[in-house]
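One structure is given here, and the rest of the page talks about it.
Just so we're on the same page: letters track the sequence lines, and every chain starts at 1. Hydrogens, waters and symmetry mates play no part in the numbers below; they use all other heavy atoms, side chains included.
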2 protein chains.
Amino acid sequence: MEQQKRREVNDWKEKLRKKEDLAKAVTILGKMPAPEITEILQDLENEIIVEVFPLLPESKQGLVFAEFSMPRRIDLFHNVSKRWFAGIFEKAPSDERADTFQQLTKEEQVSLLPYIQKSIRDDVLQLSKYPPETAGGIMSTDFCTINGKETCSEAIEKLRREGSHDKLLYYIYVVDENMKLLGFITLKDLMLANPNEIVLTIVGERFPVSELSEDRELVAAKIEKYELIAIPVVNQNRQLVGIVHHDDALEVIREEHTEDMEKFMGIVPGKGILNYNETSVWGHFRKRIIWLAILAIVGVLSGMIIRFYEGAISAFMILALYMPMVADTGGNSGSQAATVVIRAIALGQVSLKNWIYILIKEIRISILLALALGIIAFLIILFLSWEVETPLQHSLFYTASVISLALALQVISSTMIGAGLPLLVKRMGGDPALAASPAITTAVDISGLLIYFSIATLLLF
Amino acid sequence: MEQQKRREVNDWKEKLRKKEDLAKAVTILGKMPAPEITEILQDLENEIIVEVFPLLPESKQGLVFAEFSMPRRIDLFHNVSKRWFAGIFEKAPSDERADTFQQLTKEEQVSLLPYIQKSIRDDVLQLSKYPPETAGGIMSTDFCTINGKETCSEAIEKLRREGSHDKLLYYIYVVDENMKLLGFITLKDLMLANPNEIVLTIVGERFPVSELSEDRELVAAKIEKYELIAIPVVNQNRQLVGIVHHDDALEVIREEHTEDMEKFMGIVPGKGILNYNETSVWGHFRKRIIWLAILAIVGVLSGMIIRFYEGAISAFMILALYMPMVADTGGNSGSQAATVVIRAIALGQVSLKNWIYILIKEIRISILLALALGIIAFLIILFLSWEVETPLQHSLFYTASVISLALALQVISSTMIGAGLPLLVKRMGGDPALAASPAITTAVDISGLLIYFSIATLLLF
């Protein structure tokens with residue numbers, strides 16, 4: 001299936017490169033969905049793209065360009081005439097235009113602007129001003145409005161006149177003379193309503209909106225909660241300034257996912273989705289080295305604890321044998337607890353107000369885990385070390401009990417640290433995912449070694 | 001803001017519990033968006049819900065019910081009359097009906113069916129048959145079709161007649177007499193087209209579809225790629241059988257995210273999203289114990305390696321001091337590489353065909369990391385151990401070089417293991433996320449200790 005698709009894409013590229021009967025070929029190409037056209041055009045040489053694009057249907061040109069990867073768009077900018085580029089750029093969706101514009105240097109921006117018509121130029125400049133992490137930074141200005149005082153049939157007539165360009169026409173936004181948002185309705189509701197009814201009477205009184213400076217993750221969460229196709233964005237005066245589409249929400253959630261995973265693994269998250277291929281070796285290096293270096297330094301602390309208890313280890317070599325088991329199990333149970341709590345916070349299943357409830361639940365879970373793992377450890381020790389010389393003053397049973405007890409305590413304390421740290425970070429206004437491993441693994445490693453050796457020296461010496 | 005919201009919800013609950021002027025209160029309530037109504041009703045007593053629901057607008061009843069959590073829906077089923085429940089159940093979206101139905105026991109299903117009207121009964125039974133991981137398992141049957149041979153004005157007339165119920169009316173699906181899917185168009189395109197044009201002529205020739213048995217993650221990926229509001233689902237005969245909405249795609253991606261994080265942390269993923277509160281202590285325990293127990297047992301292997309090199313450690317206590325640094329750094333760099341590669345595979349940025357390219361890139365990255373960390377380690381050792389007694393035959397410089405070399409080799413080998421293992425698992429048809437830590441951390445811990453001690457014994461003895 002996938003291979004067939006790849007062959008098809010390659011055939012198309014061949015065909016376009018030959019430039020035979022180009023107009024006819026592009027007519028067929030133009031009937032395909034935009035993402036598929038982009039798959040074919042994206043890797044083609046600029047001189048071919050320059051010829052193919054104007055032959056595509058007007059409505060597709062901007063969409064196909066918007067599917068191009070950002071580096072490809074910038075590359076195109078550098079290698080075709082400014083006039084040609086501006087022609088395609090103007091047809092792209094408004095949010096994609098602003099994103100592309102922001103990637104240009106100040107000089108490049110200035111060199112492009114004269115070729116863009118005034119209304120679009122103002123729009124691009126305006127949208128480029130908002131920080132990318134906010135509703136303003138991801139919104140588009142491609143929306144249709146109607147005046148609430150019109151009748152439904154007047155409104156439909158207006159949409160028929162203005163709807164020809166490529167605006168998403170699912171919700172119609174109802175505003176007053178000053179663009180203040182009064183509500184929104186679906187095209188369907190407008191069509192099914194009595195044609196003589198005043199629009200405002202069929203609009204819901206309460207409706208979700210986003211504000212310009214709202215965090216984009218919250219915007220995505222609202223779109224998800226209300227199962228919206230798009231959410232309107234308003235300024236302080238409640239004037240409609242843009243909309244955020246559901247597919248932008250999806251992208252935000254994907255990026256959030258990547259960021260979370262990266263934070264979990266101690267990778268410094270970059271802007272947007274890290275593209276593996278587009279990031280240089282040096283870029284990858286920089287994202288990874290920081291945490292690795294910090295943790296390597298902290299790892300020396302563990303070494304110091306081991307050194308400090310050197311005497312205990314030489315007296316009871318059995319302690320060295322089971323030391324990694326105790327340390328690893330602590331790290332793992334701490335990370336598990338952190339993962340579960342961080343996800344529960346992210347999905348809104350638990351709130352900070354319940355922190356005591358969460359900790360009590362985690363204590364109960366960790367006691368079960370500690371019991372089960374303690375018993376397993378006890379049996380492993382008996383099985384593996386039954387012929388090992390134990391120190392004269394203690395039986396193997398007693399020694400195994402002490403090590404298992406240390407393991408059990410370590411599991412309980414790590415689970416507490418793992419569950420508590422994300423709550424603490426959240427309380428202090430940070431992203432709970434920051435408190436995930438490797439920070440927790442390291443914290444728990446050190447506390448684990450201390451628990452292990454203090455219990456061992458207390459009970460064995 | 002959040003507090004104000006909570007107060008509002010509580011005020012509403014109070015008001016409804018008092019039952020004063022209930023009809024008037026519910027009229028106001030009914031104008032709120034469905035998710036907000038659910039927030040108010042969900043925790044109310046069943047006897048109040050039974051009175052409030054029928055007073056809500058017809059179109060909201062099913063949507064509000066569909067927002068109820070699954071346990072709340074089942075609880076309602078058990079505590080109200082079957083007839084009342086069936087009345088609300090019938091109004092819910094078709095996919096939510098099927099999901100709810102599947103949660104009932106066989107006996108409960110049989111007790112509910114007689115109260116449901118035949119067409120809906122057939123629909124519920126049909127939808128409940130598909131496995132939940134497939135397109136069929138998440139699709140809904142609430143779609144509108146028109147015959148391709150009709151004119152646009154005839155089609156609009158048909159939609160006006162049939163569109164009154166709560167179907168999503170964004171795409172209109174164009175079919176032939178046998179329900180074979182010929183394409184789909186937006187309501188907007190239908191409205192803006194020439195009224196006398198035959199529908200089929202304005203439908204795109206190529207359009208994305210899903211098949212009944214297609215994996216739901218692939219369905220979500222298609223909705224994302226084509227930025228669709230909904231994707232049609234067809235059977236083997238290319239007959240239209242359902243649609244999957246964009247908000248279902250979003251839910252799939254959220255669940256996938258949770259599953260990935262859980263796999264990363266060695267938690268056995270459950271069905272659907274793990275709800276922290278709804279999962280019992282025992283349920284949490286079972287999800288976590290398996291990997292913890294396996295890793296505890298494997299951790300003994302690390303202990304055995306340490307025991308085996310006991311002689312080396314006693315001769316060079318400096319080895320014990322820096323052992324955790326080398327082991328931890330290996331584990332961390334392996335996990336980082338795995339995270340990056342797994343995300344790149346999931347986002348479709350790299351494919352298995354490029355595995356050699358990925359490994360070469362990772363080697364280059366790891367050499368940079370190894371160099372940087374080796375230098376850091378070398379400096380740490382010089383700084384911390386300058387007054388430590390080194391074994392007579394070697395200078396501190398030489399010893400520090402050996403340990404740093406071991407660390408550098410460990411970083412390179414762990415990065416290779418971390419990047420290679422997910423590719424291998426994917427090659428064998430598994431989910432690459434399964435190959436993430438803790439499996440990698442453990443593998444790398446053991447290989448790291450072996451590298452550390454073999455280099456140390458080779459060069460220091």
Side-chain angles (χ1 to χ4, degrees), chain A residues 31-33 35 163 169-170 187-188 192 204-206 224-227 229 246-247 250 253 257-258 261 265 267 275-277 281 284-285 288-289 292-293 295-296 299-300 302-303 306-307 320-322 324-325 328-329 332-333 335-336 339 343-344 349-350 364-365 368-369 372-373 376 380 438, chain B residues 31-33 35 163 169-170 187-188 192 204-206 224-227 229 246-247 250 253 257-258 261 265 267 275-277 281 284-285 288-289 292-293 295-296 299-300 302-303 306-307 320-322 324-325 328-329 332-333 335-336 339 343-344 349-350 364-365 368-369 372-373 376 380 438:
Chain A
K31 290 191 178 142
M32 291 163 59
L169 214 78
Y170 182 75
L187 182 57
K188 168 194 155 196
L192 296 181
E205 279 171 30
R206 283 183 65 136
E224 189 178 5
K225 176 176 172 188
Y226 293 100
E227 300 185 353
I229 309 290
H246 71 104
D247 48 283
L250 222 136
I253 288 167
H257 185 172
T258 302
M261 302 258 270
M265 289 306 140
I267 299 170
N275 188 308
Y276 187 84
N277 298 316
V281 167
H284 278 289
F285 168 74
R288 301 193 204 174
I289 186 66
L292 282 185
L295 295 177
V300 175
S302 305
I306 296 176
R307 266 224 76 175
L321 178 54
Y322 296 108
M325 177 179 75
D328 290 356
T329 307
N332 291 328
S333 52
S335 300
Q336 282 188 342
T339 309
R343 271 317 272 171
Q349 295 168 352
V350 299
R364 293 171 61 203
I365 298 167
L368 282 184
L369 292 172
L373 292 168
I376 291 173
I380 291 178
Chain B
K31 289 194 178 140
M32 291 164 60
L169 213 76
Y170 182 76
L187 182 56
K188 167 193 154 196
L192 296 181
E205 280 170 30
R206 283 183 65 137
E224 188 177 5
K225 176 177 172 187
Y226 293 100
E227 301 184 352
I229 309 289
H246 71 104
D247 47 282
L250 222 137
I253 288 167
H257 186 171
T258 302
M261 301 258 268
M265 289 305 140
I267 300 169
N275 188 308
Y276 187 83
N277 298 316
V281 168
H284 278 290
F285 168 74
R288 300 192 204 175
I289 186 66
L292 283 186
L295 295 176
V300 176
S302 304
I306 296 176
R307 264 224 80 172
L321 178 54
Y322 297 109
M325 177 179 75
D328 291 355
T329 307
N332 291 329
S333 52
S335 300
Q336 282 188 342
T339 309
R343 272 315 274 169
Q349 295 169 350
V350 299
R364 292 171 61 202
I365 298 167
L368 282 184
L369 292 173
L373 292 168
I376 292 173
I380 291 178

Part of B:Leu187 within contact of chain A (heavy atom distance under 4.5 Å)
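Contact with chain A involves both backbone and side-chain atoms of B:Leu187.
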
Which bit of B:Leu292 comes within less than 4.5 Å of chain A, counting heavy atoms only: side chain, backbone, both or neither?
both

Let's test your reading of the structure: which of A:Ile365, A:Ile253, A:Asp328, A:Ile380 forms the most heavy-atom pairs below 4.5 Å with chain B?
A:Ile365

Best-contacting candidate, A:Ala293, A:Ala372, A:Ala344, A:Ala296, against chain B by heavy atom pairs under 4.5 angstrom:
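It is A:Ala296.
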
Pick from B:Thr329, B:Leu369, B:Leu373 with the largest number of heavy-atom pairs that fall under 4.5 Å of chain A:
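Sorted descending by pairs with chain A, the first entry is B:Leu369.
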
When rounded to the nearest 0.5 angstrom, what distance separates CZ in B:Arg288 from CG in A:Asn332?
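The CZ atom of B:Arg288 sits 12.5 Å away from the CG atom of A:Asn332.
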
Separation of B:His246 NE2 from A:Ile229 CD1 (nearest 0.5 Å):
3.5 Å

Grab the two heavy atoms, one from A:Pro324 and one from B:Ser302, that are nearest each other, plus how far apart they are.
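Shortest heavy-atom separation between A:Pro324 and B:Ser302 comes out as CB-CB, 3.6 Å.
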
